[in-house]
Amino acid sequence: DLSDDKVKIGVLSDMSGVYKSLEGPGAVIAAKMAIEDFGGSVMGKPIEVISADHQNKPDIGASTAREWIDAKEVDMITALDNSSVALSVQGLAKDKKIITMNTGAGSTALTEEQCSPYGIHYVYDTHALPVGTATAMVKNGGKKWFFITADYAFGHSLRDNTGAVVESMGGEVVGNVNAPLSTNDFSSYLLQAQSSGADVIGLANAGQDTVNAIKQANQFRIVQSGQKLAGMLVFLTDVHSMGLDIAQGLQFTTAFVWNQNDETKAWSNRFNERHGAMPTMVQAGVYSAVTNYLNAVKETGTDDTDTVRAKLGEMTLNDMFVKGGKIAPNGSMLHDMYLVEVKKPSESKGEWDLLNVISKIPADQAYISMADTKCSLVN
Amino acid sequence: MQPDQNPELLRIENLHAWYGESHILHGLNLTLREGEVITLLGRNGSGRTTTLKAILGLVSKRTGSIKIHGTEIINMPTHRIAHVGKLGYCPEERGIFASLNVDENLELPPVVAKGGLSVDEIYSMFPNLKERRKSQGSKLSGGEQQMLAIARILRTGATLLLLDEITEGLAPVILKSLGNVIRKLRERGFTIILVEQNFRFAAPLADRHYVIEHGQVVEQIDAADLEAKKEQLNRHLSV
Amino acid sequence: MSMQVILAQALLGLNVGVFYAMLSLGLAVIFGLLNIINFAHGAMYMLGAFIALIGYSFLEQWFGVSVQIGFWASLILVPLLVGLLGVLIERLLLRRLYNLDHIYGLLLTFGITLILQGLFSNYFNVSGTPYPGQPESLSGVVDLGFMYFPTYRLFAIVFSLVVCFATWFFIEHTKLGSRLRAGVENPDLTQAFGLNVPLMITLTFAFGAGLAGLAGVLAAPIYSVSPLMGADLIIVVFAVVVIGGMGSIMGAILSGLALGLIEGLTKVFYPPAASTVIFFLMVLVLLFRPAGLFGKEK
Amino acid sequence: MTNRILFILMLIAGLTAPFFAYPVFVMDLLCFALFACAFNLLLGYAGLLSFGHAAFFGGAAYITGYVTKEWGFSPLLGILAGTGFTMVLGSIFGFLAIRRQGIYFAMVTLALAQIIYFLALQMPFTGGENGLQGIPRGELFGFIDLNNSLAMYYFVFAIFLIGFGIIYRTIYSPFGVVLEAIRENESRALSLGYDVDHFKLLAFIISATIAGLAGATKAIVFQFAALTNAHWQTSGEVILMTLVGGLGTVFGPVVGAITVGALSHELSAFGSWVQVILGTIFVVCVMVFRRGIVGEIQRLTTRKQD
Amino acid sequence: MTDHAREPAAILKTHGLTKDFKGFTAIKDINLSVQTGSIHALIGPNGAGKTTFFNLLTKFLTPTSGKIIYDGRDITHAKPAGIAQHGLVRSFQISAVFPHLTSRENVRIALQRKLHVSYHFWRPLQILDQLNEKAQATLEQVGLGKFGDVKAVELPYGQKRALEIATTIALEPKLMLLDEPTQGMSAEDVSTVTDLIKRVVEGRTIVMVEHNLNVVSTLADQITVLNRGEILAEGNYDEVSKNPEVMEAYMGTTDAA
Ligand SMILES: Nc1ncnc2c1ncn2[C@@H]1O[C@H](COP(=O)(O)OP(=O)(O)OP(=O)(O)O)[C@@H](O)[C@H]1O
Ligand SMILES: Nc1ncnc2c1ncn2[C@@H]1O[C@H](COP(=O)(O)OP(=O)(O)OP(=O)(O)O)[C@@H](O)[C@H]1O
Ligand SMILES: [Mg+2]
Ligand SMILES: [Mg+2]
């Protein structure tokens, strides 16, 4: 049976800031599509969506989530595209016994040090990202790295994990500079990176920050002067807004490529019609997460948190977004990732035809194994 | 010169003036010919300063008629009146600009007509000021400020001067020379309205005295009749 | 650290500094002459950038007119438009507050800032939209020997410096400055002398606003255009004006440039403090020279 | 008389509120109301515009959060620690700022607050952008579990009443009278032998302390201390609240905080339009309702009596 | 000079007091002594330095060099609030009241200081009621007995002046410093204020700057004439007004006034 006679899903996302275009309103659309495709109701009871802007502020995120849980009968919270916000909401949801299915945040702390029995990390994490990208770059001779890091949980985590990968491959981290979230002038940081003598400038940031940094590197002719840029977290929309002229050749890791097969294409085109842009991996991830949550509710016949969470842990996830995905006890959703490269302008056959898949990174390489996890729920 | 033959310069009829809600002038009438010097006498708060301000449009509301050289100015914005009326104003409490130095204060008022004094002439008339040319207005002594306030309207070429309590805070020695300045201006054909507390200073200078009470002219005394009407005057000016 | 690195960072600092200078100049003109703390100055800057952006990219999409206003045209048009908004704000709102405490002007402009920011946040991403209209002629790089420097940024530096010093000359070396100061100190008397004070005040405010708008256009090709671009800047610019000495035109220009440099170098030596170093300096300056570096003690 | 009636109304509203509204939200309002009252003491009664009060509000939250989370302080002790911290911080700020006048004063407080913001961002214990999360609500006096939202609510309401009471007393005290005199004519007060700076400093410290009390309480309520609370926009918001409610009136800031808080909450679905609406309210208040809600009501009622 | 002979009775003395303003010496090496219980007037042509001297005495300016001794203590470096606490109080050229307080409250502010509760923000206002009687008495002394509940702004000019004096004497000053107390007043107000000063002087000392010679001649026991920052003459009215240097520099005549 269902609490309050309905299932309510909360989409808590950045609706106005740096991450707006990669998750934001698109995530709400994806959630609604999931509900529609599910049939609009479960066990004859309505499914509702509620959404809000966390403004990238963990306190706002947490207090919104608190009110959703206390006063608005929300059963599951998704999106959470900012690691600080995700950590605070997941922490709160743990106390309040509510499932969070974070699709947007990256920090591995969510499934490691601060893992929660009700927190699911769905699309990617800062361990999965460098495995493909950094490995490939170091292999191609990029031994010395300099990081420009977004100065909060996600950036730090991405930098540390990438640095570890680089060093494990015999590379070296020669420097780092932290830039505040939502910096609009990276020139000073870029010049510092340039003068460090590094082979690779690792951008441990995301969204608009990455776009700005890459564009400005182009203005200052940094790549032309012989250094490589490594976008550690790049979304489809970022490539789209930079344009292929600037972005071509950039390699990065992603969980989803919209035009990979007919199934993804079909869904993505439907999404594009409603949203006006092709889905990013996290938007597609919201669709998948909501769908699977509803499946679990339907199969167990309840929205009781423990029951649903247990069910999710047993299921093998198969849909247009994920094939053979498994949700581990620490909350990490284990699935394959892809190393992709941005096409040359000449290769592109359309506005959104931007990426070539170079290789697949199997789930067991991408994600921290249950043997190594620091999550207290596992060991 | 025979001012009473000269053409009329200023005619005020039935002037009413308000500050916000308070009605200060109640139908004031007054006429002035070119070259005349008159005084406005009255107790504190009788409305003398207000009369000058009303001429300049510095009250919140005024009605009636004020004509200068035949031009009606009752509805004119303040900044045009000085030009139209060739008028210079020396306010009560001096109105020296604290943030400007002496030179800047002196050169601030725009020229409204030809024939004003040059800066050099002015400094020779007020040597104290010359010494302090670069001093900020706020740093002048009270008396120096008073001199500067008069000096600066002599530069503009104005021929109608509205002088409000210019003797306030001045040492007797300065008062004397100030008296001489007014006399000289008078000889040069300036028309002057003096608002004065210091009757001893004003009496020998003026052609005519107006006594104001509660925003109306209650008495008008020609210089010639002054002795005869002394009694009346004292009654108006003190309790 | 090599000299080259420091030189390169100094140049970038100067690049930031000219924006500080131009903005604090406008603020100083408005504060120094009108005694108003224009909190909306940052919003005017943002507005300048947005008008340029809309003129370039959105006219057709929004209004169905197929014109595109290029960068050079914006450089002239935008300051006029922002100045016009300044006229409206001054005439309709600020004018009624002159005889009240300073803080009401500050609060009013704070409110206006919220409105403008909110309006643009509804239509534009707060993290910024790129301005694509940078003129072709300025799109290259200049090889300075120790670094490649984008031509446009060099242009922005030179152009702003010219504007700043021209303004300074205009205000300090013409009678205008003293008339304005007088008009603010005692508007009634100044008008009684025959000066059109309301007009002077309106124009001054509009000029200050226009300067902010101009800075916005100049900034658009460098930074992405965002509804919040002015909000964080304005606080820094306040500090610049205070350090320079409130009301001192030259003080605003010089301290703007200097603080840009200092901030730039801080980014190299101790990046976390870059956004705060100015406030430390401000506290120091106020403790030892309360009227600011170039201000006159009252 | 009117104050007494208003006080009773406030008491009734405060006691019953959690039965009508979401208690956490009401607690949030109470914290802001107290913050605004503290701010009002300074601007409305001492004539000092501080643009840096967020430093106290936010600073106290961090200290309270840290000592309860890391050192295991009880919530009450934690709040006292946070408040005590702002008392010290307020003394330092006050000492530096009080010698400056008018707008310079506002600027110095703003600069000092920016430095606190910087520290909050950089110091390891604050968690930077992540904020200080997971502050325990703990137990009051060792047996009242504050995770119970009603218990928490009445605890917050009691704190509010205490803070409000201190401010009320201060306004209507011999000290308050001297403050008023200083605001009216500073140099005259000086020449009567009052050491004006000392009075301003004391007012500043009281205001900072109560602002800290509000911030510390908020940290316990939300179990969170975040940068937002120390940001200059929070300093701006508290001005808005005070102005809307009525500057220099005892109850104005309370009404203002509730009005502004409720509005932003109700309108939050409209995204950035909230800002536009708040901005418009700001402008309207400055232009036509300079007395604020309570101030206007007072004027109307006194007029009727005349 | 007879300065030394008068020394024991002097409540205020200056030694070589000098004030420079960026190269301009407004006050030069002034040695002045004010006898206890007297009314001492400071006159002189405009720009002579009277206001500056006054500001030095009241600590609104700090001297460049020299010393100020008040009631046996060196107050050269005291703070304005400090000297007031020792009974040296100034009144202002422009009327200085607390405009939105009532007359009674104005006076109470002054009386309150002696209660030593002014920092007590935890005490209720009612403890100030004990001052009401004294306040009323002080108001009556200056003829404002009926205006206790009137706000200061609403008082006419002359009464504002009286209120200011009431506030000043409420402090029970030993030495009052008055700067042009009759400036801008009509004849009637001048005489009211002059009377008032005469009435309140008992047991106190007054130093005043004044241009109105009538006032000076009726009130002052001792006159110091300043000119260009220096003392030109000292003495009572008759002595000073007959001094030819004074006549030239101040009155502007060479004949006796
Ligand atoms: N700005 C003002 N607002 C309201 N009332 C005013 C204002 N200025 C003057 N008054 C009032 O107007 C009346 C006339 O004032 P006015 O200044 O004209 O007097 P006056 O004859 O010049 O006397 P005084 O010797 O005081 O200068 C007085 O009652 C005064 O209180
Ligand atoms: N702050 C200052 N800076 C520079 N010069 C000053 C300052 N204050 C006063 N002076 C100058 O010192 C001289 C003495 O000024 P002061 O005000 O003491 O004169 P005063 O005797 O009071 O004259 P008055 O009777 O005209 O008021 C004047 O020439 C004045 O310009
Ligand atoms: Mg007058
Ligand atoms: Mg003087």
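Note that the structure is predicted; figures quoted are calculated from it, not measured. Residue numbering restarts at 1 for every chain, and letters A, B, ... go by the order of the sequence lines.
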Need one label for [X]: side chain, backbone, both or neither, based on atoms under 4.5 Å from any heavy atom in chain C.
X: Tyr19(A); result: neither
X: Ser187(A); result: both
X: Ser225(A); result: side chain

Between CZ on residue Arg221(A) and CZ on residue Phe149(C), distance to nearest 0.5 Å: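 Nearest 0.5 Å value for the CZ-CZ distance: 13.5 Å.
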Nearest-0.5 Å distance that lies between atom CD in Gln219(A) and atom OH in Tyr148(C):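 Going from CD on Gln219(A) over to OH on Tyr148(C), the span is 15.5 Å.
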Part of Pro132(C) lying under 4.5 Å from any heavy atom of chain A: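 Nothing of Pro132(C), per the 4.5 Å heavy-atom cut-off to chain A.
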Heavy-atom contact with chain A under 4.5 Å, split by part of Leu228(C):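 Neither part, no heavy atoms under 4.5 Å.
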Chi angles and distances behind the side-chain contact (heavy atoms from CB on, under 4.5 Å) call for Ser226(C), Asn184(A): CA-CA 9 Å; Ser226(C) 122; Asn184(A) 60 25; over 6 Å; no
Gln216(A) side-chain N/O to Tyr223(C) backbone N/O, donor-acceptor pair under 3.5 Å: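 No; zero donor-acceptor contacts below 3.5 Å.
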Contact check, side chains of Leu191(A) and Leu12(C), non-hydrogen atoms, under 4.5 Å: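 The answer is yes; the side chains approach within 4.5 Å.
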Close side-chain approach of Pro271(C) and Asn178(A), heavy atoms under 4.5 Å: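 The answer is no, as the side chains (C-beta and beyond) never meet within the 4.5 Å cut-off.
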Test: Asp185(A) and Arg153(C) ion pair at under 4.0 Å: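 Looking at Asp185(A) and Arg153(C), the cut-off is met.
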Which of Ser188(A), Ser182(A), Gly24(A) touches chain C most, by non-hydrogen pairs under 4.5 Å: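 So the answer, after comparing Ser188(A), Ser182(A), Gly24(A), is Ser188(A).
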Atom NZ of Lys20(A): over 12 foreign heavy atoms under 6.0 Å: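 Enclosed: over 12 neighbouring heavy atoms sit under 6.0 Å from NZ of Lys20(A).
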Nearest heavy atoms of Val268(C) and Gln192(A), plus distance in Å: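 Residues Val268(C) and Gln192(A), closest heavy atoms: CA-NE2, 3.7 Å.
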